[in-house]
Amino acid sequence: MTAAALQRVVVRCLFDPALHDAIRADGDRALAGVPLSADERRWITAADGRALRADPLRRRSALKSLMEEYRTASALAVGLTRRLATLDAFFSSGLFHRAVQDRGSLGAAFGAYLVQLADGALAEPRLRHLATLERALARVRRAPRPRPVLPAPLRDNGRYRTAPHVVPLSVAGGTLEVLHALERLLFDITLAPAAALADDGPRLGPLPALDASTRHLLAERAPGVHEATLADATAGLCGLLWHAATPVTGAALQAHARELGADAAEAPALVQGLLDTGLLRPC
Amino acid sequence: MTAAGFSTRARRLPTLGVGISTEYGASQSGALHPLDLHARHPGVVEFLELGVETVKGLDADGQAWADAGLPTTYHFLDVNLDEPDDLDEDWLEEVRALLQRARPAWLCGDAGLWHLGARERGHMLLLPPILSHDGVAPMADGIRALRAATGLEVFPENPPGRVFLGDLHVLDFFGRVVDAADTGLLLDCAHLAIFQRLRGLPPLAGLDGFPLDRVVEMHVAGGTPMEHDGFRWVEDDHGPEPLADTWMIFDHVVARAPNLRAVVFECERNTADEILPGFHRLHAALAGRGTRR
């Protein structure tokens, strides 16, 4: 399957022609870890760099899709830096290159990039929490379509995991208020896009502050559509679903429910309820 | 269905004649509506090639054509045939539902990289395969798998591109693919012309050694010569005026492809007046074969 590996190198070069320059300068270093034959290395090295650069809008059109999915986190990052280059640099990042070479998700990688920005150069917790939230929504949009739930009694020695179309998450109190403020700003810009060029047009003003509380949420892909919903959840529900992020036994889930505060009598019914509603799946 | 070899199965394929392509929302650009064209110019457009991403489905034009019971083919825009993970059950369910609605004669489409990674928003592109021996078997396996999953023939198409890597000619690569998959080819004459120019080859290079009995369908489309920093290529923009190279390839193959069943003029975003001369030329060429049923 080295042809597939080479194909992914081509994609990386199309989005980031600097990689092609690096391959030409030092192929061993630029392609370290990529399983290519000697011929394949020769082919990519000999490729016409001008052809790789012939679509100047390639990055911009991919960024458009990513920004649509990470609407508020992208808006905050650009609003804080006043530079689209902040986000465009994603295509030169290790996160982008790894996602393409490993057949990963650009959406997930972009979310990780925004978190990286929040924790690093921008030092902005609100960006981190917005990116966490929008990343969960991005993940469930990509999940397999939810299947009908078949009745299945909980077994102590059965193994279960959180359904792929569900992602529990916790964000700081105030995150949704920040999200709504940014949504309003984007709506204002959408009404008259040229207003973004005006000095008295919509601007990123002071945003709500985060507080010390924690908001627990559940992102879920609805059956039959490629969209995601967000609903409030309890700390206990999120805790149980996190615990089942990798397969666990029914007995372990009940024990964890008790640790989270359920009494011995209600723990089995609580876990059975998650199975019946499809939030947990047998595996 | 596939116990019989390709040559036997090819004899059972319907002859569709000359068709037009469409994609979701194509007519919103103010261009033609396929069903209107069919009604106003009887016999000019005999079938519709539906360009489909399952996430979008059929638009009103595609649905209206299918509802009228007119012939179609299904041109996928969202599957990397050489990636086994791409034929996931969700996608196949959506494809089967669309096949029930449109009842196409077969499936076809560019055998290239339609999306980087998995099928996700923002991942769409179209790149040609790496033209090496290594890429043949995965592509053939994907064609066989999709044929088995849908019960319909699946004809790979040579994609366009600006960067073709590998040591094989595109016709040599696809000759090996259709042999390994025991299937036919959708030969896109415009894409082949693009390839030949990029490699500095004459339009008909490679055709003498290609098994033309594998060609079931052909595409003809306009393209625009472009230049960037001294690099020259032809943009496959489906304009109304095919290049002379494209016509030369078409004329050569149409006279020598015994299993040819369909020709599509890919011109979905143009007006009727612009494209009628092209359709008339295609009909004249097929009439000249003397094999239409």
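Chain A is the first sequence line, chain B the second, and so forth, proteins listed ahead of strands; every chain is numbered from 1. This structure is a prediction, so every number in the text was calculated from the model and none was measured. Keep in mind that the numbers below use all heavy atoms, side chains included, and drop hydrogens, waters and symmetry copies.
Note that the CZ atom of A:F96 and the CG atom of B:L116 stand 7.0 Å from one another [nearest 0.5 Å]. With values rounded to the nearest 0.5 angstrom, A:S65 atom OG is found 9.5 Å from B:H123 atom NE2. Rounding to the nearest 0.5 angstrom, the gap separating the CG atom in B:N80 from the CD atom in A:Q7 is 8.5 Å.
Looking at B:R121 and A:E227, a side-chain N of the basic residue comes within less than 4.0 Å of a carboxylate O on the acidic one, giving a salt bridge. Using a 4.0 Å cut-off between charged nitrogen and carboxylate oxygen, A:D48 and B:R232 do not count as a salt-bridge pair. Ion pair A:R145/B:D88 not flagged as a salt bridge, since none of the NZ, NE, NH1 or NH2 atoms sits closer than 4.0 Å to an Asp/Glu carboxylate oxygen.
Between A:A47 and B:L165, the shortest heavy-atom distance links the atoms CB-CD2, 4.0 Å. Looking at every heavy atom in both residues, B:V163 comes nearest to A:A51 through CG2-CB, 3.8 Å. Summarising the geometry of B:S132 relative to A:A3, their closest heavy-atom pair is OG-CB, 4.2 Å, with the distance given to 0.1 Å. Here the shortest heavy-atom pairing between A:A54 and B:F231 reads CB-CD2, 4.4 Å.
Using a 4.5 Å cut-off between heavy atoms, A:Q101 does not touch chain B at all. In this structure, the portions of A:I44 lying under 4.5 Å from any heavy atom of chain B include both its backbone and its side chain. Only the side chain of B:L125 comes within less than 4.5 Å of a heavy atom in chain A; its backbone stays farther off. No part of B:E227 comes within reach of chain A, as not one of its non-hydrogen atoms sits under 4.5 angstrom from that chain. Looking at A:R147, only its side chain comes within 4.5 Å of chain B, counting heavy atoms on both sides. When heavy atoms are compared at a cutoff of 4.5 Å, A:L106 approaches chain B by way of both its backbone and its side chain. Proximity to chain B (any heavy atom under 4.5 Å) is shown, for A:D55, by both the backbone and the side chain.
Within 6.0 Å of atom CZ in B:R199, more than 12 heavy atoms from other residues, nucleotides or ligands are found, so the atom counts as buried in its surroundings. For A:R103, the CZ atom is densely surrounded, since the number of other residues' heavy atoms within 6.0 Å is greater than 12. Counting heavy-atom neighbours within 6.0 Å of A:R139 CZ, excluding the residue itself, gives a total of 12 or less.
Contact count against chain A (heavy-atom pairs under 4.5 Å) is highest for B:G166 among B:A137, B:G166, B:G135. Heavy-atom pairs under 4.5 Å with chain B were tallied for A:S105, A:S37, A:A138, A:G107; the largest tally goes to A:S105.
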If you apply the rule side chain to side chain contact (heavy atoms under 4.5 Å, CB included), what do you find for A:V10 with B:L113, and how did you get there? CA-CA 11 Å; A:V10 173; B:L113 193 76; over 6 Å; no
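Judged by distance alone, the side chain of A:R50 and the main-chain N or O of B:G230 form a donor-acceptor pair under 3.5 Å. With B:D134 contributing its side chain and A:T2 its backbone, the two residues share a donor-acceptor pair below 3.5 Å.
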